[in-house]
S.K.: 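Sharing a structure with you now.
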Amino acid sequence: MPVEEIYGIFPNLLERAASSGTHLSGGEQQMLAVARILRTGARLLLLDEISEGLAPVIVHKLGEVIRTLRAKGFTVVLVEQNFRFAAPLADRFYVMESGRIVKQFEQSELASQMDLLHEYLGV
């Protein structure tokens, strides 16, 4: 993906372009990590706990970025404990316990799976 397009997705990285990555906030570092992946030309992103430890405003921005990338045809595999963040972004859900998938279902089945999710995730 061209740099100009990445800066369109992450305008705050353009503002901080002269800063070392170590001087960025946690949220900006997450955005930089995603931007670096996008520069490789990859069309599949594997995101692990991308919302962990970030301010709600940054988590919201990352959700917007994931939606934008999906709309552009990217495939996103999101491993996330923050169900409220992940649920609106997902097409499919895989619930894991002790490293094993115990349940899988589609977005259209989400409402009917809430009891199970409450049992496993406490949501």
Side-chain angles (χ1 to χ4, degrees):
M1 180 178 284
V3 156
E4 299 77 22
E5 192 171 351
I6 290 172
Y7 283 143
I9 295 171
F10 299 112
N12 54 324
L13 291 182
L14 178 59
E15 297 167 10
R16 303 290 307 268
S19 299
S20 165
T22 58
H23 292 114
L24 301 176
S25 72
E28 289 168 335
Q29 288 180 12
Q30 285 286 44
M31 291 177 194
L32 180 60
V34 173
R36 291 178 64 196
I37 294 166
L38 296 174
R39 282 292 293 149
T40 70
R43 303 293 298 171
L44 168 67
L45 284 79
L46 305 173
L47 305 176
D48 184 20
E49 299 291 346
I50 194 168
S51 73
E52 186 175 8
L54 300 180
V57 67
I58 300 297
V59 172
H60 178 76
K61 175 61 178 172
L62 288 169
E64 289 176 358
V65 167
I66 291 169
R67 282 185 197 88
T68 297
L69 293 174
R70 288 183 60 220
K72 291 180 178 287
F74 285 81
T75 299
V76 179
V77 177
L78 178 63
V79 177
E80 184 64 59
Q81 289 187 32
N82 182 344
F83 181 76
R84 286 176 178 77
F85 167 70
L89 301 172
D91 293 325
R92 286 182 286 286
F93 298 87
Y94 297 87
V95 179
M96 294 184 72
E97 182 177 54
S98 301
R100 301 185 84 130
I101 295 174
V102 295
K103 183 69 176 177
Q104 57 185 349
F105 55 93
E106 305 287 321
Q107 177 66 256
S108 61
E109 302 170 273
L110 179 59
S112 67
Q113 298 297 322
M114 291 307 291
D115 287 342
L116 174 113
L117 291 171
H118 183 70
E119 178 183 332
Y120 280 105
L121 309 176
V123 293

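Any value given below was found using the heavy atoms of this structure, including those in side chains, with hydrogens, waters and symmetry copies removed. All residue numbers in this chain count up from 1 along the given sequence.
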S.K.: Roughly how far, to the nearest 0.5 Å, is CD of Glu15 from CG of Leu13?
M.R.: 9.0 Å
S.K.: Please work out which of the three classes, parallel, tilted or perpendicular, describes the rings of Phe93 and Phe83, given edges at 30° and 60°.
M.R.: tilted
S.K.: For a 4.5 angstrom cut-off between non-hydrogen side-chain atoms, does Phe85 reach Ile66?
M.R.: yes
S.K.: Has Arg36 got more than 12 heavy atoms of other residues, nucleotides or ligands less than 6.0 Å from its CZ?
M.R.: no
S.K.: Quick check: closest heavy atoms across Arg39 and Pro2, and the distance to 0.1 Å?
M.R.: NH1-CA, 3.7 Å
S.K.: Grouping I, L, V, M, F, W and Y whenever their side-chain heavy atoms are under 4.5 Å apart, do Met96 and Leu116 come out in a common cluster?
M.R.: no
S.K.: Identify the two heavy atoms, one from Val95 and one from Phe105, that lie closest to each other, and give their separation to 0.1 Å.
M.R.: CG2-CE2, 4.2 Å
S.K.: Verify the cluster assignment for Ile9 and Leu78: are they in a single hydrophobic cluster under the rule of side-chain heavy atoms below 4.5 Å apart?
M.R.: yes
S.K.: One pair to check against side-chain contact (heavy atoms from CB on, under 4.5 Å): Ser19 and Leu24. What are the steps and the verdict?
M.R.: CA-CA 7 Å; Ser19 299; Leu24 301 176; 4.1 Å; yes
S.K.: Is it the case that one hydrophobic cluster holds both Val79 and Phe74, taking links as side-chain heavy atoms less than 4.5 Å apart, direct or via other members?
M.R.: no
S.K.: Are Val65 and Leu14 linked, directly or through intermediate hydrophobic residues, by side-chain heavy-atom contacts shorter than 4.5 Å (ILVMFWY only)?
M.R.: yes
S.K.: For the residue pair Ala87 and Leu110, what are the closest heavy atoms and their distance?
M.R.: CB-CD2, 4.3 Å
S.K.: Which heavy atom of Ala90 sits nearest a heavy atom of Gln107, and at what distance?
M.R.: O-NE2, 2.6 Å
S.K.: Spell out, as yes or no, whether a donor-acceptor pair under 3.5 Å connects the side chain of Gln104 to the backbone of Tyr94.
M.R.: no
S.K.: Using the rule given for side-chain contact (heavy atoms from CB on, under 4.5 Å), can you reason through Met31 versus Asn12, listing the C-alpha separation, both sets of side-chain angles and the distance that settles it, and then say yes or no?
M.R.: CA-CA 9 Å; Met31 291 177 194; Asn12 54 324; 3.5 Å; yes
S.K.: If I compare all heavy atoms of Gly73 with all of Arg43, which pair ends up nearest, and what's the gap?
M.R.: C-NH2, 3.7 Å
S.K.: Keeping the roles fixed (side chain from Arg70, backbone from Leu89), state whether a donor-acceptor pair exists under 3.5 Å.
M.R.: yes
S.K.: Could you measure the distance from the CD atom of Glu52 to the CG atom of Asn82? Nearest 0.5 Å is fine.
M.R.: 10.0 Å
S.K.: Between CG of Leu38 and CG of Leu45, what distance do you get to the nearest 0.5 Å?
M.R.: 5.5 Å
S.K.: Can you find a pair of side-chain heavy atoms, one from Leu117 and one from Met114, that are under 4.5 Å apart?
M.R.: yes
S.K.: Are any side-chain N or O atoms of Gln30 and backbone N or O atoms of Ser25, one a donor and one an acceptor, separated by less than 3.5 Å?
M.R.: no
S.K.: Does the side-chain contact (heavy atoms from CB on, under 4.5 Å) test come out yes or no for Ile37 and Leu46, once each step is laid out?
M.R.: CA-CA 10 Å; Ile37 294 166; Leu46 305 173; over 6 Å; no
S.K.: Write down the atom of Arg67, the atom of Pro88, and the distance for their closest heavy-atom approach.
M.R.: NH2-CB, 4.1 Å
S.K.: Under a 3.5 Å distance rule, please check whether Glu109 uses its side chain to pair with a backbone N or O of Glu106 as donor and acceptor.
M.R.: yes
S.K.: More than 12 heavy atoms of other residues, nucleotides or ligands under 6.0 Å from CG of Asp48: is that the case?
M.R.: yes
S.K.: With rounding to the nearest 0.5 angstrom, report the CD to CZ distance, Gln29 to Arg16.
M.R.: 9.5 Å
S.K.: With heavy-atom distances below 4.5 Å as the criterion, would you say the side chains of Phe10 and Leu32 are in contact?
M.R.: no
S.K.: Answer yes or no: is there a side-chain heavy-atom contact under 4.5 Å between Leu47 and Leu62?
M.R.: no
S.K.: Could you walk me through whether Leu69 and Met1 pass the side-chain contact (heavy atoms from CB on, under 4.5 Å) test, one step at a time?
M.R.: CA-CA 11 Å; Leu69 293 174; Met1 180 178 284; 4.2 Å; yes
